[in-house]
Amino acid sequence: MNFLHRKKVVFFALFLLAAGAVWFFFFRSSEEGKVRAVLREFAYVCSRTEGEKTSLGLWKVHSSKSLFAAECVLSVTGADSFSGRYTPEALSSNLLRYRQMMATSEMSFSDMAPRIVSPERADVSFSARLRGVVRGGGAVDEVRDMECELVKEEGKWKIARLEARPVLER
């Protein structure tokens with residue numbers, strides 16, 4: 001084997017190793033990644049763009065049912081009327097009412113730190129920001145610290161508990 005051929009083989013092996021590393025770190029679907037995807041989808045269905053078609057809004061509300069466990073506990077500090085135990089259907093109905101109140105809304109999550117507690121349970125701490133305009137014209141810009149518990153039902157991660165509290169309250 002000559003030197004040039006050996007150099008090509010080494011280069012090719014290094015290329016395959018680099019490609020495998022990229023796939024492993026960026027495209028592999030880890031459990032943490034799946035948990036993040038559920039929360040990103042939740043933020044998406046809660047958001048409403050200006051001029052959003054009614055059909056898209058109804059599709060978002062309908063698809064939100066798949067994000068919640070059979071029973072979901074919601075706890076919102078300072079808004080006790082929202083706190084309680086809900087079914088996915090009740091939560092999607094509440095989401096529909098919320099979306100009807102808002103002209104626009106953008107829900108975003110940051111600093112997500114998923115922790116897989118067991119193969120069937122995950123906990124996530126993160127910050128949530130809701131910006132938007134109420135149909136009456138008032139602006140909304142709220143930031144909350146969030147704690148979320150997800151459980152695996154039928155092989156998919158679903159939100160079982162969601163707790164929102166003002167920032168800096170622990």
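Predicted, not measured: the structure shown is a model, and the values here were computed from it.
- Between E41 and L67 there is a side-chain heavy-atom pair separated by less than 4.5 Å.
- Neither V151 nor L74 shares a network with the other; the hydrophobic side chains, linked directly or stepwise wherever heavy atoms of I, L, V, M, F, W or Y lie under 4.5 Å apart, form separate groups for each.
- Taking T104 as the reference, E50, V133 meet the side chain to side chain contact (heavy atoms under 4.5 Å, CB included) condition, with sequence neighbours excluded.
- In this structure, CG on N94 lies 13.5 Å from CZ on R99, to the nearest 0.5 angstrom.
- A side-chain donor-acceptor contact under 3.5 Å links S83 to the backbone of V76.
- Between the side chain of R144 and the backbone N or O of V167 there is no donor-acceptor pair closer than 3.5 Å.
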Check against salt bridge (charged side-chain N to carboxylate O under 4.0 Å, His left out), R161 and E147
CA-CA 8 Å; R161 182 181 59 82; E147 292 288 330; 5.1 Å; no
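- Electrostatic pairing of E120 and K152 does not count as a salt bridge here, judged by no charged N lying under 4.0 Å from a carboxylate O.
- Remark: K60 NZ to R48 CZ distance equals 9.0 Å, nearest 0.5 Å.
- Considering all non-hydrogen atoms of both residues, S64 and S92 come closest at OG-CB, 3.4 Å.
- E153 approaches A69 most closely through the heavy-atom pair OE2-CB, 3.3 Å.
- With respect to the salt-bridge test (charged N to carboxylate O, under 4.0 angstrom), the residues E32 and K34 do not qualify.
- The minimum heavy-atom distance linking P88 with A70 is given by the pair CD-O, 3.5 Å.
- Shown here are the side chain to side chain contact (heavy atoms under 4.5 Å, CB included) partners of T49, two or more places apart in sequence or in another chain: E52.
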Let me see the working for R129 and D141 under side chain to side chain contact (heavy atoms under 4.5 Å, CB included), right down to the final yes or no.
CA-CA 7 Å; R129 183 173 196 166; D141 192 357; 2.8 Å; yes
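- Two different hydrophobic clusters hold M101 and L130 under the rule that ILVMFWY side chains link at heavy-atom gaps under 4.5 Å.
- With sequence neighbours left out, F126 forms a ring pair (Phe, Tyr, Trp, His ring centres under 6.0 Å) with F109.
- Linking ILVMFWY side-chain heavy atoms closer than 4.5 Å, directly or via other members, places L56 and M102 in a single hydrophobic cluster.
- Side chain of R131 to backbone of S108: no donor-acceptor contact under 3.5 angstrom is found.
- In this structure, R121 pairs ionically with E149, as a charged nitrogen and a carboxylate oxygen lie closer than 4.0 Å.
- Listed here is the closest heavy atom pair of V124 and V35: CG2-CG1, 3.4 Å.
- To the nearest 0.5 angstrom, M107 atom CE is 7.0 Å from S47 atom OG.
- W59 and L96 fall within a single hydrophobic cluster, where Ile, Leu, Val, Met, Phe, Trp and Tyr side chains are chained together by heavy-atom contacts under 4.5 Å.
- For the residue pair R36 and P114, the shortest heavy atom distance occurs at NH2-CD, 3.5 Å.
- Side chains of D145 and S127 form a contact here, defined as non-hydrogen atoms less than 4.5 Å apart.
- A distance of 7.0 Å separates OH in Y86 from CG in L91, rounded to the nearest 0.5 Å.
- In this structure, I116 CD1 and L150 CG are separated by 8.5 Å, a value rounded to the nearest 0.5 Å.
- Note that CE of M146 is 11.5 Å distant from OG of S110, once rounded to the nearest 0.5 Å.
- In terms of heavy atoms, G33 sits closest to R40 at O-NH2, 4.3 Å.
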Is there a side chain to side chain contact (heavy atoms under 4.5 Å, CB included) between C148 and L39 once you walk through the steps?
CA-CA 9 Å; C148 183; L39 293 174; 4.1 Å; yes
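- In this structure the side chain of S63 reaches within 4.5 angstrom of the side chain of V45, judged on heavy atoms.
- For R85, the CZ atom is loosely surrounded, since the number of other residues' heavy atoms within 6.0 Å does not exceed 12.
- Residues V134 and L95 fall within the same hydrophobic cluster, defined by Ile, Leu, Val, Met, Phe, Trp and Tyr side chains chained together at heavy-atom separations under 4.5 Å.
- Between L162 and S75, every side-chain heavy-atom pair lies at or beyond the 4.5 Å cut-off.
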